[in-house]
Amino acid sequence: MLDGPNTRKLEGVMVAVSNADRVVFPEVGRTKGEVVSYYERIAPRLLVHATGRPLSIRRFPKGLAGAGFFQKNVPDHYPASIERFTVSRSPRSNGSSRARAKKDAKPADVTIYPLVSEPEHLAYLANQGAIELHVTTSRAADLLHPDRIVIDLDPPKGALALVRKAALIARDALGEFGLDSIPVATGSKGYHVVAPIVPSVDLETLGLALQKFGALVAAKFPDELTTAFRIAERGKRVFVDWLRNRPLATVVSPYSLRATPRASVATPFAWSELEVVAPDTFTIDDLDRLLERGDPLAALAETPGDASFFVSKVDDAFDASGLVLEPFDRFRS
DNA sequence: GTATTCT
DNA sequence: AGAATACAACGCATC
DNA sequence: GATGCG
């Protein structure tokens, strides 16, 4: 390919977008070139939420019709300007007695995440076939202290009104514990309710508080919400997926494309728009609109909430409720 | 999409 | 040389 | 013990 519209500047070199005309989203006819272009232009918005956070990507090198896969580790061939951030995985019981016999092909129990910071990083990943970008709720610089709480609301099929109600319940409950929040249309079935916080609480303490939070709201609204892990137990209720806040768990980044037929976009919006914004309202074709809209989540993140206050209030409420935590006691010592 | 390993 | 394969991760539940 | 599932 010669130079032209399908080239990108990367580390001072013009790099061609390969297979720019390949159709990635068959149902709406969007091509790989359009995906790269989307990520270049949305970059200023997206990077606010993704820079400095360990990044996971979901790639579809042959388009949505082909097989896709997640990728965390940075391949050697990624440009040097994409920072690498090493995280030791499964801090298995201190002083793992059993040393790794001989040398394995697998280096060690570490994951080397990419940290993106520039628009061309996103363009590069898009050219690699990345569709979805997922980030952790804490920053690499302070990995053990999340700066966001994400309440993931997962509705049963065709329960739009219900999941809207659930979002309001989550907003009000967070508010009772001192946190302001912003809804995010995930591009899929549900909403995320996101509360930026000062990273003052370690992720396990916060994870336990969120488990309690989920139990509290589900108990208070038993017809609308459930924390039941098993689908059979959920009935026609919205699943409050408190597991989203597990150590190193990831959530889809705001402004990430989704690997859906319509090429939807995960989009933060204002509470006042809840009745007119469905979880999959925004798509790749709304790029200009998205850039015009402003970002209420980025705005709220400038005045993060008090995580310590939240945790103590949740603890108080939980103790007073007489509720008991169900299975999952991974947060115990 | 790219690198590595298999046949 | 061309085909196959890897590219996250994790407990829990179910079979 | 392998597979399903979020």
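Here the structure is a predicted model, which is why all the values come from computation and not from measurement.
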Nearest listed nucleotide, side chain of [X], among [options]:
{"X": "R59(A)", "options": "dG1(B), dA3(B), dA8(C)", "value": "dG1(B)"}
{"X": "K72(A)", "options": "dG1(B), dG6(D), dA8(C)", "value": "dA8(C)"}
{"X": "K32(A)", "options": "dG1(B), dA8(C), dG6(D)", "value": "dG1(B)"}
{"X": "R234(A)", "options": "dG1(B), dT2(B), dG6(D)", "value": "dG6(D)"}
{"X": "H77(A)", "options": "dG1(B), dT2(B), dG6(D)", "value": "dT2(B)"}

Whole-Å [atom1] distance, [N] and [M]:
{"N": "dA9(C)", "M": "dG4(D)", "atom1": "C1'", "answer": "14 Å"}
{"N": "dC5(D)", "M": "dA8(C)", "atom1": "C1'", "answer": "15 Å"}
{"N": "dT2(B)", "M": "dC10(C)", "atom1": "C1'", "answer": "28 Å"}

Please state how far atom [atom1] in [X] lies from atom [atom2] in [N], giving the value in whole angstrom units.
{"X": "F70(A)", "N": "dC10(C)", "atom1": "CZ", "atom2": "P", "answer": "14 Å"}
{"X": "F69(A)", "N": "dA9(C)", "atom1": "CZ", "atom2": "P", "answer": "14 Å"}
{"X": "I131(A)", "N": "dG1(B)", "atom1": "CD1", "atom2": "P", "answer": "10 Å"}
{"X": "H192(A)", "N": "dG6(D)", "atom1": "NE2", "atom2": "P", "answer": "14 Å"}
{"X": "E132(A)", "N": "dA8(C)", "atom1": "CD", "atom2": "P", "answer": "16 Å"}
{"X": "K62(A)", "N": "dT5(C)", "atom1": "NZ", "atom2": "C1'", "answer": "12 Å"}
{"X": "D152(A)", "N": "dC5(D)", "atom1": "CG", "atom2": "P", "answer": "18 Å"}
{"X": "Y113(A)", "N": "dC7(C)", "atom1": "OH", "atom2": "C1'", "answer": "14 Å"}

query = Is there a donor-acceptor pair closer than 3.5 Å between any side-chain N or O of D286(A) and the backbone N or O of R289(A)?
reply =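 Answer holds: no.
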Does a side-chain N or O from [X] land closer than 4.0 Å to OP1 or OP2 of [N], or not?
{"X": "R58(A)", "N": "dA8(C)", "answer": "no"}
{"X": "T111(A)", "N": "dA8(C)", "answer": "no"}
{"X": "S56(A)", "N": "dA8(C)", "answer": "no"}
{"X": "N73(A)", "N": "dA8(C)", "answer": "yes"}

ask   = Is it the case that R59(A) places NZ or CZ above or below the six-membered ring of F69(A), under 6.0 angstrom from the centre and within 45 degrees of the axis?
value =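 No, R59(A) and F69(A) do not form such a contact.
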ask   = Any Lys/Arg nitrogen of K32(A) or D21(A) sitting under 4.0 Å from an Asp/Glu carboxylate oxygen of the other?
value =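 Salt bridge: no.
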task = Salt-bridge test for K165(A) and D223(A): reply yes if a basic N is under 4.0 Å from a carboxylate O, no otherwise.
result =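 No, no charged N to carboxylate O under 4.0 Å.
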ask   = With a 4.0 Å cut-off on heavy atoms, is Q128(A) in touch with a base, just the backbone sugar-phosphate, or nothing at all?
value =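 Since only primed, P, OP1 and OP2 atoms lie under 4.0 Å of Q128(A), the category is sugar-phosphate.
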message = Checking H134(A) against F70(A) for the ring-ring contact (aromatic ring centres under 6.0 Å, His included) test, could you report, in this order, the C-alpha distance in whole Å, the side-chain angles of both residues, the deciding distance, and whether it holds?
response = CA-CA 10 Å; H134(A) 298 248; F70(A) 275 88; 5.5 Å; yes
request  = Specify whether F177(A) and F213(A) have parallel, tilted or perpendicular ring planes, treating 30° as the upper limit for parallel and 60° as the lower limit for perpendicular.
outcome  =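 Judged by the thresholds at 30° and 60°, the geometry between F177(A) and F213(A) is perpendicular.
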